[in-house]
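Keep in mind that this is a model prediction, so the values were computed, not measured. Protein chains get the first letters and strands the later ones, always in sequence-line order, with residue 1 at the start of each.
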Amino acid sequence: MSPPPSLRHELARILTLTSLGWLAAVFLVVALSVRHEVDDLLDNTLQESAEMLYGMLVLHHHDMPRGAGVTMPAPPHEESLVWQIVDARQQVVLRSHRAPTTPLLPAFKPGFSDAEAHSRVYAMALPQDQEVLYVGQPGPDRIESRYEAIGLVGASALLVGLGCALWLRRRVRQAMLPLQELSQQVQAYDPTRAATDLPPPARQEFVEVRAAIMELGQRLARRLASEQAFAAHAAHALRTPLAGMEAQLAIALKEASSAGRPRLERTREAVHRLKRVVSSLLLLFRSEGELQVQDISLASLVPHLAPEALQVEVQQQGPLRADPNLLAAALANLFENCRRYGASRCVLRCEPDGAAQVLTLLDDGPGLSAERRAALGAQLAQADSETGLGLRLAALVAGAHQGRLLLCPGGLGAQGFGVSLRLWDSAAPPSPGKA
Amino acid sequence: MRLLLLEDDEILGEGLRDFLRLEGHVVDWFTRLLDAQTVISEPYDALLVDWQLPDGSGVEWIRGLRARGVTTPSLVLTARDLLSDRIKGLDSGADDYLVKPFAPEELAARLRAVRRRSAAQGAPRMRIGAVEIDSSAKAVYREGQRVELTAREWALLDALSARAGRVVSKPDLDALVSGFEGEVSSNVLEVHVFNLRRKLGRELIQTVRGLGYRIGT
C-alpha cells in the first residue's frame, strides 16, 4: 500500500508550480514593458537626433558639400545612428559615413517609419531644395538594445522570484513543523499517564484537534481501567478456585485407593487443561496488542506447554521472533486440540518464508474432511467465527504478530490435521479481532 | 515446618492445609489478617499469605511485619500475575511469589527452597556429623544407612536442623512440632528427643540445660 500524500509535499508542489507560473507571467510582462519602453526611448533618441541635425543642416546649408555618395567628415567611429540628405530626385547628396548610398526610405514619409532589416527611420523635410533628412537606426542595434534590457530586467526578476520561492518553501516547511510536533506528541500520548498529556496547542487550528484527541484518550483510559479491573477480578475469580481444586485433588490423590487414582488423575489433567485455557484467555485479554517480542527457542518453550499424553517433535530452522507469552498460549491450546482430537504425536516446524516466520503444527490424529477443513478455513477469516477456542486463540495471536493462521491440507501421515501460523507476514490481511 | 497459612478461600485454604500436613508440616490456617496478627509472635518457619484478604492486603501485612523486624520467611500466594504485581509483592519483603493456580507440590518445593535460603544452606541435603538430612525427600541417613523416623520425629529433626547451631526452647520446639492443635506436654517432646538420639546418635541433639535443645555446633 502506497503511503498517503504528504501535506507538506503538496504545499511545496503547489508553491513551486505557482512560483513558476508567477515567474513566467512576470517575465512576460517585464519583457513586453521593457520592449515598449526601450522602443519609446530609442524613438525619442532618434527624433531628438534628427531635430538636432535638422537645425545644424539648416544653419550650415550653404557650407556643406553636396553630391552623390558624399559623406560628412568624421573620425573613424561606430555609428548607432545614420543619416542621409536625399534630394528631390531621390539621390543621397550627403550622409553619415555608415549610411547607405541609397535612401533609407523609398519615398518620403514624415515622422517614423520602419525600413528594411528592422531599421527605424525618422524623416523630416528640409526647408531648402525639397531635400529631406532621414535619420535611421539599424535594426540589429535596436534588437540588441531591446534584448539586453529585457535580459537584464528579466534576470533580475527571475533571481528575486527564485529567492522568494525558496524562502516561501522554507517558510512552508517551518509552518508545518508544529503539525509534525503534534504528531510526535500524539504518538507519545498515553492516556493512562498524565505526564504524557498533550501540551497546550501551538496553533489556533490545533485547539479542536487537541481537545478531540484528549477526549478520545480519556475515553480509552476509562475503558482500559475498566478492562483491567475486570481482568484482575476475573483472574482472581478464576484462578483461586482452580488452585483450590488442585490442592484438593492433590490430597485426594494421596489418600485415594489404587482403584480410584486413575479417575482422580484424569480429573487433575482436566484441571491442568482448564488452567492452561484460563491462563491463555487472561493473557490474551490483557495483552492490549503490545507485544514483548524476543528471540524464542521452541525446544525450550514447547516442553512446558505440551500435555504429557502428546509426543511433540520440534524442528526449528532459522530465527523465531515473537511474544513468548502469547505464542505459548497459542501453542498450548493447539497442542490441547491435538490431544483432544485423538493425536498422540505431532511435529512443530519453524521455518522462514521470505520475511515471514512460519510455524507449522502437524499431528497424526484423524484429521478433517476436505469440506469441513474448507468451512473451518473460511470461518477463521471472520472475527466472530465459531471455531474452537484453540484455533480462535491461535488466530488472534497470529493476528497480533501481523500474521494469520492457515489450515494445512493434511497432517502427519495419510490423515492428520495441520495448522500454520504465519507471523510477520506482509501479505496477511488485517487481523479480524483484538489479541 | 510450622507454617502460618493466610487464605480466605475455604476450598483452597483447607486443601493447602491438609496437603501440607500430609507433607509433614504443622499448619495454622487463618482466613483473616486480624486472626493471624494475634499469633504472629509464635515461632513459625514460614508464612503463606494470600494477597487479597477480607480485611486487608497480605502484601501490606508482610511489609508491616518486616518494618517491625519480623524476618520469618514468607510466600505470597495470589492470582495477580502481572510483572508489576510480582515486583510489588517481592519488594514488600516477601521471599517468594506464587501465582494461582499452582500445584501444591510446587508450593512444598518452594517452601523447602525458602527454608534453605533462610538457613543459608544451598544444597537440599544437610550433613551434621555422621547424619545426613535430605529435606526434599524427607529422608535421614546415618553413616550412609537410611534411618526410618516417625512423622513427629521427622518434624522435630526438621525444626532443629533448620535452626542448626541455635538453641531452641522447649515451648518453641513444641509449637514448631505440634502447632496449636498438638500436644503440649514436654514429656512427649523429651520422648521424641530420646528416640531421635537412639536412632541417630546421642551426640546429634544437645541439651542446653534450662534453655532447650540444639543440633550441630
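- Within a 6.0 Å sphere centred on CD of Gln145(B), heavy atoms belonging to other residues, nucleotides or ligands number 12 at most.
- Classification of Glu105(B) and Lys254(A) as a salt-bridged pair fails, no side-chain N sitting under 4.0 Å from a carboxylate O.
- We find the CD1-CD distance between Ile251(A) and Glu23(B) to be 10.5 Å, quoted to the nearest 0.5 Å.
- Counting only heavy atoms from C-beta outward, the side chains of Arg239(A) and Asp81(B) approach each other to under 4.5 Å.
- Of all the heavy atoms in Pro101(B) and Lys275(A), the pair that sits closest is CG-CG, 3.2 Å.
- At a heavy-atom cut-off of under 4.5 Å, chain A is reached by no residue from residues 53-78 of chain B.
- Residues passing the side chain to side chain donor-acceptor pair (under 3.5 Å) test with Arg261(A): none are found, sequence neighbours excluded.
- Other residues, nucleotides and ligands place more than 12 heavy atoms under 6.0 Å from the CZ atom of Arg146(B).
- A distance of 13.5 Å separates CD1 in Ile11(B) from CD in Glu246(A), rounded to the nearest 0.5 Å.
- Under a cut-off of 6.0 angstrom, the local environment of CD in Glu215(A) is crowded, with over 12 non-hydrogen atoms contributed by other residues, nucleotides or ligands.
- Other residues, nucleotides and ligands contribute only 12 or fewer heavy atoms inside 6.0 Å of the CZ atom of Arg223(A).
- Heavy-atom pairs under 4.5 Å with chain A peak, among Asp9(B), Leu16(B), Leu22(B), at Leu22(B).
- Two residues are said to be in side-chain contact when any heavy atoms from C-beta on lie closer than 4.5 Å; Gln248(A) and Glu14(B) meet this criterion.
- Residues satisfying the side chain to side chain contact (heavy atoms under 4.5 Å, CB included) criterion with Ala343(A), sequence neighbours excluded, are Leu310(A), Cys338(A), Asp363(A), Asp364(A).
- By the neighbour-count criterion of 12 heavy atoms within 6.0 Å, atom CD of Glu265(A) is densely surrounded, having more than that number from other residues, nucleotides or ligands.
- Under the side chain to side chain donor-acceptor pair (under 3.5 Å) criterion, Glu255(A) pairs with no residue at all, not counting sequence neighbours.
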